[in-house]
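Before any comments, here is the structure.
All chains are named by letter (A, B, ...) in the order of the sequence lines, taking the proteins before the strands, and each is independently numbered beginning at 1.
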There are 2 protein chains.
Amino acid sequence: MSRSNPRVLSTLERAGGFASAQEIYRLMQREGESIGLTTVYRALQSLVNDKIVDVLRRDDGEAIYRLCGEAHHHHLVCKGCGDTVEIEGGAIEKWAKMMAEEHGFRDVGHTAEIFGLCTKC
Amino acid sequence: MSRSNPRVLSTLERAGGFASAQEIYRLMQREGESIGLTTVYRALQSLVNDKIVDVLRRDDGEAIYRLCGEAHHHHLVCKGCGDTVEIEGGAIEKWAKMMAEEHGFRDVGHTAEIFGLCTKC
DNA sequence: AATGGTAATGAAAATCATTTTCATTTGTGC
DNA sequence: GCACAAATGAAAATGATTTTCATTACCATT
């Protein structure tokens, strides 16, 4: 029953614990792994069911999968050159927790991104 | 240039200020309005550009559009029923500003959403 | 090893939201 | 009326995801 393909999981890990199904598929192809796109999707679904990864959505609607418990971080993205800095969000974590409690929400996650122009742009 | 079709906007309002493009289209059809799906999408895009509505994502990736007040706010969204609470994000504003300064970014904006399960779900 | 059954696999087709293309219509100023 | 830009929408294209279905790998039991 467990379709949690270990090769998919390990690829997700190698991708920085954060990638879409298509990206994982392309990554495995490029590395010469023989796998079907269908299997990648099924493995990811299974990993989500088993609560080993969780899933969010990009702005364009594409699903991205992330290892659970992975210290998660946020991004500071340059609108000009696309350069991205990983930043810490302790303040956000607290804020999210507070807001969730205040409204009786449980099992909460969050997304937060900052975008602007970097020094070069 | 302004493609903000007033019929689309008014339908979105009547839908409770919260609906997907497809839903708005079906609603207008059912009410006998003659409009094309393409036009609905274009009108919604335009409304987003004009900051009259903003757009989030359902769990299945479908985009949902909602009327939004002028005050900058964030969202607490229920993964179960889609219920949304507008929340304040003073902490976020400060955090974003700090992070931007720290890395020399200017002209910054940000997005932040919290999602979880509400009391009913 | 042979058998049978169940789960895993993946290619190809189907689905569904969204975008693009392009020919047509509408509106507006001259 | 005439030209020209903008708006419209049907149909095709796109892209992620799911479904179908035939094949294969895996295991237990003879």
Could you state the [atom1]-[atom2] distance from [X] to [N], rounded to the nearest angstrom?
X	N	atom1	atom2	value
Asp59(B)	dT18(D)	CG	C1'	17 Å
Asn5(A)	dT24(D)	CG	C1'	15 Å
Asp60(A)	dT14(D)	CG	P	17 Å
Ile35(A)	dA25(D)	CD1	C1'	15 Å
Ile24(A)	dT17(D)	CD1	C1'	14 Å
Arg42(B)	dG9(D)	CZ	P	9 Å
Tyr25(B)	dG9(D)	OH	P	9 Å

Under the side-chain hydrogen bond (donor to acceptor under 3.5 Å, both in side chains) test, which residues partner [X], sequence neighbours left out?
X	answer
Asp54(A)	Arg66(A)
Gln29(B)	Tyr25(B)
Ser20(A)	Glu62(A)
Arg7(A)	Glu33(A)

*Are Thr38(B) and dT8(D) close enough that a side-chain N or O sits under 4.0 Å from OP1 or OP2?*
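For dT8(D), OP1/OP2 do not have a side-chain N/O of Thr38(B) under 4.0 Å.
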*Give a yes/no on whether any side-chain N or O of Thr39(A) is located under 4.0 angstrom from OP1 or OP2 of dT9(C).*
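No, Thr39(A) has no side-chain N/O under 4.0 Å of OP1/OP2 on dT9(C).
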I'd like a list of close polar pairs between nucleotides 13-18 of chain C and the protein, N/O only, cut-off under 3.5 Å.
from: dT18(C); atom 1: OP1; to: Ala63(B); atom 2: N; distance (Å): 2.8
from: dT18(C); atom 1: OP2; to: Tyr41(B); atom 2: OH; distance (Å): 2.7
from: dT18(C); atom 1: O5'; to: Tyr41(B); atom 2: OH; distance (Å): 3.2

*In this structure, which one of Glu101(A), Glu93(A), Met99(A) forms a side-chain contact (heavy atoms from CB on, under 4.5 Å) with Lys97(A)?*
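Only one of Glu101(A), Glu93(A), Met99(A) forms a side-chain contact (heavy atoms from CB on, under 4.5 Å) with Lys97(A), namely Glu101(A).
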*Tell me, which pairs form a salt bridge (Lys or Arg N to Asp or Glu O under 4.0 Å) where one or both residues lie in residues 9-20 of chain B, sequence neighbours left out?*
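Matches after skipping sequence neighbours: Arg14(B)-Glu31(B).
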